[in-house]
Each structure stands twice: as structure tokens, then as C-alpha cells.
Amino acid sequence: MKTRKLLMIPGPTPVARSIQDQMGRETVAFGDPAFVKDFKELLEDLKSLLCCSGEVFVVAGTGTMGMEMAIANTTKKGDNILIVSHGFFGDRFIDLCRKKGLNADVISSEWGETVPVEKIREKLREKKYSAITVTHVDTSTGVCAPVADIGRMMKEFPETIYIVDGVCATAGEPENVDAMGIDILFTGSQKAFGVSPGLTMLWASRKAMERRKSLGDIPEFYIDFEKWLPIMKDTGKYFATPAVNLVWALKESVRIIKEEGMENRYERHRKTAAAMQEALEAIGFKILAKEGCRAVTLSNLIYPEGIDDAKFRGLLAEEGIMVAGGLAAYAGKMFRLGHMGNIDKHDMVSVIAAIERALYRAGMPVQLGKGVGIVQQHLMK
Ligand code: PMP
């Protein structure tokens, strides 16, 4: 008999049965009154869950589209933009911004660390920046940026739009658009919301909406706020076909989040990460992200000496767990484990148990049950 495979890459994350059921519903017209109502309620919930008094956009696309949408609606060719990068996905903004003809300055940290807020402040004082980008959790490093501290500092630079990439964070790491002074926050459906890939959710502050207005006509078409705003205000209107079943799936995800409570969900992610990270360190892995800036949504685990990446991940897949490989300089040296969204106690215990079995089969001197015991103790706290 085949072992069931648990999807533990850092997105897509496991999709709960009730969310899958929404994907399997018979598709209706996007003008269907019941769908129009569902979509409207979803948008209201998304605004209140992330405490955004501005606008929210739900558009078919991926996280990368959210990045592009944020830039397209807040900057124009020739503008200065500051990119704060903690890894591969922070760096993705560099190419994206240069393609738009922006003057992109970059401040990067070593992988596993964050750029100090003071360094960002110094850079912002050098010249006028139209916008700054910060990746809340860089999936390549498992580092969590201090978005609230940066937001406080950003009050000194009211002409700069504060863009936060929440793709690997939103609905897992605490975020509050208004209170943190975030102007644009975006994520993809496939991460901590636990929905299949295919939707971009983007929150925009009033300041971001004013910036869009001040830009006049922009070269982008599909990702223009002004094209989508009438639909977000009246979900019965048409600009481009909404992903009907994904919208329902996201609505079910939001129902689950409301039932759990956003604060409880953040706390659960914090506890899950503490349990998983302690267990993984105890069985021989090093966590790339330094203590004090570790994400709760995933762990990036450096192999102990003597482990072959492809072989280990192959064994782990046989043991029933799919994880992701390391990126860039860490390819072959580490693996990435998602623990965000709608995963539960069963998943946590199974994942650590499977990792122990894979280590054992790879010939490592692992004490079977050691990591599992740690997770169990955390679960009983
Ligand atoms: N930003 C971050 C932080 C990400 O983790 C990812 C995807 N892993 C992206 C952007 C890009 O998202 P997508 O693959 O959905 O385009």
C-alpha cells in the first residue's frame, strides 16, 4: 500500500477538505447573485482581518503578480525605489523594478539575517524614494523582517510608499495594515490561507490609492488598481473574469480563520514553529535564520554533515512527506519545510516522525522518537 503524501513545501500548503469542496462545486456565472454576494462578503472580511481601512483586491494571479501590481500602481519610470532584501524573493523585486525603468537601490542582509532598521533609515535619508519594498518572510531564508518596527520608522518618510510582500507571511505572521503603517500588503492564496494556488490578495492604504490616482494613466492594464476598483466596490461588475471557484475556496478559508480567530491563528503558528524548530534542531539540523528573526511559517534546515540532499528528499518522499530544496547558494545544502496554514497536530507529529525515518535510512545516528517526543511535549503545554 502506498503511503499518503503530505505536502509540506512552503506553498502550496495542505488544502483542507472543506476548501477543496468549494473548488469542486459547479461553477456559476460571475454575475450570479449568490456569487456576487459571496465575493462581496469575502472582500469585507479580508479588509477587517488585516485591519485595512483602505481597499482590498482579489485578482486571479500569483504572488509575483502581487509584487508587480504593488510596483505598477505606486511608481513611474525613472522613480527611485529602495529594495530591502533578505534573500531570493527580496531580490526578485530588483529585476521587476528595473524592467519598469525604476532606479532600484538595494540593501541586503547576509542570508539568515535581517537588515537593521537604522540602516534602512540612513538609506532613506539619502534621497527621495517613491517606494520601499520589504519581504515579510523571505521563503528562501526563513527570515522574518520586523515589519512593525520598519512601519514606525517609515512615519519619518511620509512621501514613500511602504510595500510589504506578505506571500509567505499573511495569515501566519502577525500583520495589521493600518497599525503598522503598511501601504501595500499582498499575498497568494497558496500559503498561509491554505487555498490552492491562483489568487492574489492585495491590501492598499488610502495613501497608496492616492498615489495611484496621482500617477494618471499607467502602462499596465490587467493589474491596474483603477481597472479593478469598480469591481471590488461592486462585485456584480465586470472587468476580467473572476476565478469563481477559487473565490469560494478563499471564502471558506476565511471562514475557518474567523472561526479560529486571527490572534489565535498567529499564536498557533508561533507554537507550531517553536515545537517543530526545537525538534528539528534536536535531531541534527541547523536553522538558517538566526534566533530573533525566525519565521513561524516555515523552517529552512541545513543538513548535518554526510547527507545528500536529493537522496534525503527522495527518502522523505517515500516516507510520505514532500519538502522543498534550498535555493541559490543553499541548493543541495538544506531543505525547506512549510508549517503554515491549516496544518494540525497530526501533521506535526507525522512530519517529524517521517524526517526521523528518512535520517535513519540515510544512515544517520538518529534516536528514533527524539524529535517526536519534543513535539508531543510542546503539544501538551
Ligand atoms: N514572495 C515570496 C516571499 C514568496 O515566497 C513567493 C513564492 N514562494 C513569491 C513572492 C512569489 O509567489 P508566486 O510563486 O505565487 O508567484
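Only this structure's heavy atoms are used, side chains among them; waters, hydrogens and symmetry mates stay out. Numbering of residues begins at 1 and proceeds along the displayed sequence.
A donor-acceptor contact closer than 3.5 angstrom is absent between the side chains of R336 and T139. No side-chain N or O of E173 forms a donor-acceptor pair with one of H136 less than 3.5 Å apart.
In this structure, K127 pairs ionically with D105, as a charged nitrogen and a carboxylate oxygen lie closer than 4.0 Å. K99 and D95 are not joined by a salt bridge, as no carboxylate oxygen comes within less than 4.0 angstrom of a charged side-chain nitrogen. A salt bridge is absent between K213 and E210; no separation between the charged side-chain nitrogens and carboxylate oxygens falls under 4.0 Å.
Checked against salt bridge (charged side-chain N to carboxylate O under 4.0 Å, His left out), K37 has the following partners two or more places apart in sequence or in another chain: E41. Taking the salt bridge (charged side-chain N to carboxylate O under 4.0 Å, His left out) definition, one finds that D45 meets it with K258, sequence neighbours left out.
In this structure, CG in L301 is found 6.0 Å from CD1 in I287, a value given to the nearest 0.5 Å. For the atom pair CG of L6 and OG1 of T13, the computed distance is 11.5 Å after rounding to the nearest 0.5 Å.
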ask   = Should E281 and R294 be marked as a salt bridge (Lys or Arg N to Asp or Glu O under 4.0 Å) after you check the CA-CA gap, both sets of side-chain angles, and the distance that decides it?
value = CA-CA 13 Å; E281 281 184 316; R294 275 184 194 162; 3.6 Å; yes

message = Applying salt bridge (Lys or Arg N to Asp or Glu O under 4.0 Å) to E267 and R270, what does each step give before you reach the verdict?
response = CA-CA 5 Å; E267 180 63 5; R270 201 189 56 69; 2.9 Å; yes

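Tested against F57, the residues F225, W228, F186, W203 include a single ring-ring contact (aromatic ring centres under 6.0 Å, His included) partner, F225.
Using bins of under 30°, 30° to 60° and over 60° for the plane-to-plane angle, the ring pair W111/Y330 lands in the parallel bin.
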